[in-house]
Amino acid sequence: MTIPNESFIPFHVPSIGDEEVREVEAALRSGWLTTGPRTAQFEEEFRAYVGASQAVAVSSCTAALHLALAALGLGKSDEVITTPLTFCSTVHTIRHVGAKPVLADIGEDGNIDPVEIARAITPNTRAILPVHFAGLPCDMRAIWALARRHGLFVIEDAAHAAGSRYEGRPIGSMPSDGADDVSDAVAFSFYATKNMTTGEGGMVVTPRAALASRMRMLSLHGMSRDAWNRYTRRGNWYYEVLDTGFKYNLTDLQAAIGIHQLRKLERFIEIRRRYAGIYNQEFAGVEEVETPAPGEGNSHSWHLYVLRLNLNSLAIPLRRSSSMKVSRSIGASVHFIPIPLHPFFARISPGRSACDRALRLYQRILSLPLYPAMAESQVRYVAACVKDIVAANCARRSHGILASQM
Ligand SMILES: *Cc1c(COP(=O)(O)O)cnc(C)c1O
């Protein structure tokens, strides 16, 4: 994969190799395009990779979260606690089942703070929905303990966390000892910019066989049997619709990509980790920035490299990606605009005060390009640009020039 030229470094470029291309071509020529043998293979290989007991391939992480919430029976008058520092769909899925999203503020590391979760629990709370922000695992021990104490479900949004590890175990894995330290469902994303991709796609894993079959049934119109299943039992055209289902299945064309992305995931993360290390080194000693929370050992999947700026009022113009693009040709981004700042969420639940830390952090964060298709020289170039802009800003500030003019 090549990046057009050194003068523009996009925020993301996917790493798609010949293996993926050949597998998609084989799928196209096989005569079976939708959910079939390649999806089954991808599910099985992903299940084995994370060490889960059940895996259901779906069309997105959003679909995975919605299915999990629906299959667990969440609905009206139920409250689900989640983080303000996430993508909107985490919260949408709670609304889709008719439940009420309740935001609990983040801690120092950007992940939902278990102390804030405890504070947000009411008699109506039914579930906790943590997000492993940037690929850094949440404090799951504390979250599982709260869930046990209050009889709550735990559904993890692991959109950033394919390949992340918590206490040595992959996110989504079943414990080999007792079954206590485990979530009800864990949802992964294979969106184009994520650590591994199928273009669009997702996977939901669970330790509960009954929940897996219910999610599988709901993912395809609530039907008792999918088309591949009927095809392989020649002549068996019969199926029954058992519930109000969705159209959330993954296709074999997408699974064809996923099979090979999964095989490369560890290597991808290795490169991400190395590049994050280079950024950390480059920014060490630069007073105006703070490097992201590192995670321990090999726990972090480094989906995002989120730099924190210490420039107060200058931070906002600096991180405006348009100015970065114009002045230096770097596709930087911001993850995320906190949930309460979006007009829709502000209207449905004016709970801004509970999210102070997320709102303050938002003023300072800037996601830098970080992906395996980058060359090391490009990582260093991005770091040099950021350092230049920071230095220029400090100079401007001392000369009293308005930052908004940059
Ligand atoms: C990308 C993302 C999602 C949604 O994933 P899709 O596969 O696009 O549905 C959900 N949550 C977070 C935190 C994400 O970054």
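Note that the coordinates shown come from a computational prediction; the quantities given were computed from them, not determined experimentally. The figures here come from the full heavy-atom set of this structure, side chains too, leaving out hydrogens, waters and symmetry mates.
- The side-chain heavy atoms of Leu146 and Leu152, taken from C-beta on, include no pair separated by under 4.5 Å.
- Listed for the Gln378 side chain is a donor-acceptor partner under 3.5 Å among the backbone atoms of Ala375.
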Exercise for review: Evaluate the criterion ring-ring contact (aromatic ring centres under 6.0 Å, His included) for residue pair Phe268 and His303; output intermediate values, then yes/no.
Suggested key: CA-CA 10 Å; Phe268 286 164; His303 170 56; over 10 Å; no
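- Distance check, rounded to the nearest 0.5 Å: CG of Leu304 to NE2 of His12 gives 10.5 Å.
- A distance of 6.0 Å or more separates the ring centres of His132 and His160.
- Using modelled atom types, one side-chain atom of Glu20 and one backbone atom of Gly17 make a donor-acceptor pair closer than 3.5 Å.
- Taken from OG in Ser367 to OH in Tyr305, the straight-line distance is 11.0 Å, to the nearest 0.5 Å.
- Between Ile171 and Pro137, the shortest heavy-atom distance links the atoms CD1-CB, 4.1 Å.
- A search for side-chain contact (heavy atoms from CB on, under 4.5 Å) contacts involving Ala256 returns Glu23, Val24, Ala27, Arg38, not counting sequence neighbours.
- In this structure, Leu218 and Asp243 have side chains that are in contact, with non-hydrogen atoms separated by less than 4.5 Å.
- Residues Met374 and Ile9 are in side-chain contact: their nearest non-hydrogen atoms beyond the backbone lie under 4.5 Å apart.
- Note: His221 and Phe246 fail the aromatic proximity criterion, with ring centroids not under 6.0 Å apart.
- Put simply, the side chain of Tyr248 reaches to within 4.5 Å of the side chain of His66, judged on heavy atoms.
- Note on Glu270 versus Arg273: salt bridge recorded, some NZ/NE/NH1/NH2 to OD/OE distance being below 4.0 Å.
- A donor-acceptor contact shorter than 3.5 Å links the side chain of Thr232 to the backbone of Trp228.
- Within the 4.5 Å cutoff, the side chain of Phe188 has heavy atoms near those of the Val50 side chain.
- The line from CD1 of Ile339 to OG1 of Thr90 is 6.5 Å long, rounded to the nearest 0.5 Å.
- Val306 is not listed as a side-chain neighbour of Val334, based on a closest heavy-atom distance of 4.5 Å or more.
- A tilted orientation is assigned to the rings of Phe336 and Phe87, their planes being inclined by 30° to 60°.
- The heavy-atom pair separating Ala293 from Asp109 by the smallest distance is CB-CB, 4.0 Å.
- In this structure, Arg263 does not pair ionically with Glu19, as no charged nitrogen and carboxylate oxygen lie closer than 4.0 Å.
- The shortest non-hydrogen separation linking Glu43 to Ala57 is OE2-N, 2.7 Å.
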Exercise for review: For side chain to side chain donor-acceptor pair (under 3.5 Å), just list the numbers for Thr35 and Asp226, CA-CA rounded to whole Å, side-chain angles, deciding distance to a tenth of an Å, and then say yes or no.
Suggested key: CA-CA 8 Å; Thr35 311; Asp226 67 26; over 6 Å; no
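- Counting only distance, with no hydrogens or angles, the side chain of Thr82 and the backbone of Leu129 share a donor-acceptor pair below 3.5 Å.
- In plain terms, the two heavy atoms of Ser15 and Gln261 that are nearest each other are O-NE2, 2.8 Å.
- The shortest heavy-atom contact between Pro170 and Arg165 is CD-NH1, 3.8 Å.
- Between Arg119 and Glu116, at least one side-chain nitrogen of the basic residue sits less than 4.0 Å from a carboxylate oxygen of the acidic one, meeting the salt-bridge criterion.
- At a threshold of 4.0 Å, the pair Glu79-Arg126 does not count as salt-bridged, since none of the basic side-chain nitrogens sits closer than that to a carboxylate oxygen.
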Practice item. Begin from the C-alpha positions of Leu69 and Ile155 and carry the test side-chain contact (heavy atoms from CB on, under 4.5 Å) through to its verdict. Key: CA-CA 8 Å; Leu69 291 163; Ile155 300 125; 3.5 Å; yes
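- Under 4.0 Å is where a charged nitrogen must lie from a carboxylate oxygen, and between Asp78 and Lys100 no such pair does.
- No side-chain donor-acceptor contact under 3.5 Å links Tyr239 and Asn229.
- There is no side-chain donor-acceptor pair under 3.5 Å between Thr206 and Gln54.
- At least one donor-acceptor pair under 3.5 Å links the side chain of Arg216 to the backbone N or O of Ala55.
- For Arg225 and Glu240, the salt-bridge test fails: no basic side-chain N is under 4.0 Å from an acidic carboxylate O.
- Using a 4.0 Å cut-off between a side-chain N of Lys or Arg and a carboxylate O of Asp or Glu, Glu288 and Lys387 do not qualify as a salt bridge.
- For the 3.5 Å distance criterion, the side chains of Thr39 and Asp252 qualify, holding a donor opposite an acceptor.
- The residue from Ile106, Asp157, Thr83, Asn111 that alone fulfils the side chain to side chain contact (heavy atoms under 4.5 Å, CB included) condition with Phe133 is Asn111.
- Ion pairing of Glu25 with Arg29 is present here, as a side-chain N (NZ or NE/NH1/NH2) and a carboxylate O approach within less than 4.0 Å.
- Atom CZ in Phe345 sits 6.0 Å away from atom SG in Cys88 (nearest 0.5 Å).
- For the pair Ile389 and Val386, the minimum side-chain heavy-atom distance is 4.5 Å or more.
- Counted within 6.0 Å of CD1 on Ile337, heavy atoms from surrounding residues, nucleotides or ligands total 12 or fewer; the atom is thus considered open.
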Practice item. Please step through side chain to side chain donor-acceptor pair (under 3.5 Å) for the pair Glu200 and Ser60, ending with a clear verdict. Key: CA-CA 6 Å; Glu200 298 277 0; Ser60 69; over 6 Å; no
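- Two rings, from Phe190 and Phe46, have their centers less than 6.0 Å apart.
- Rounding to the nearest 0.5 angstrom, the gap separating the SG atom in Cys61 from the NZ atom in Lys194 is 6.5 Å.
- Dense packing is recorded around CD of Glu376, with more than 12 heavy atoms of other residues, nucleotides or ligands lying under 6.0 Å away.
- Under the 3.5 Å distance criterion, the side-chain polar atoms of Arg308 are left unmatched by any main-chain donor or acceptor of Ile365.
- For the pair Asp105 (side chain) and Asp356 (backbone), a donor-acceptor distance under 3.5 Å is present.
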Point to revise | Chi angles and distances behind the side-chain contact (heavy atoms from CB on, under 4.5 Å) call for Leu250, Thr198 | key: CA-CA 9 Å; Leu250 191 79; Thr198 59; 4.3 Å; yes
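- Using modelled atom types, one finds a donor on one side chain and an acceptor on the other under 3.5 Å when comparing Thr251 with Gln254.
- Without hydrogens or angle criteria, Ser189 side chain to Tyr191 main chain gives a donor-acceptor distance under 3.5 Å.
- By the 4.0 Å N-to-carboxylate-O rule, Asp113 lies close enough to Arg357 to be salt-bridged with it.
- Here Ile81 contributes atom CD1 and Ile128 contributes atom CD1; the two are 6.0 Å apart, rounded to the nearest 0.5 Å.
- Other residues, nucleotides and ligands contribute only 12 or fewer heavy atoms inside 6.0 Å of the OH atom of Tyr231.
- Formation of a donor-acceptor pair under 3.5 Å by the Tyr275 side chain with backbone atoms of Arg380 is not found in this model.
- Tyr166 and Met140 get closest at one heavy-atom pair: OH-N, 3.4 Å.
- Formation of a donor-acceptor pair under 3.5 Å by the His300 side chain with backbone atoms of Trp302 is found in this model.
- The shortest side-chain heavy-atom distance between Arg169 and Asp181 falls under the 4.5 Å cut-off.
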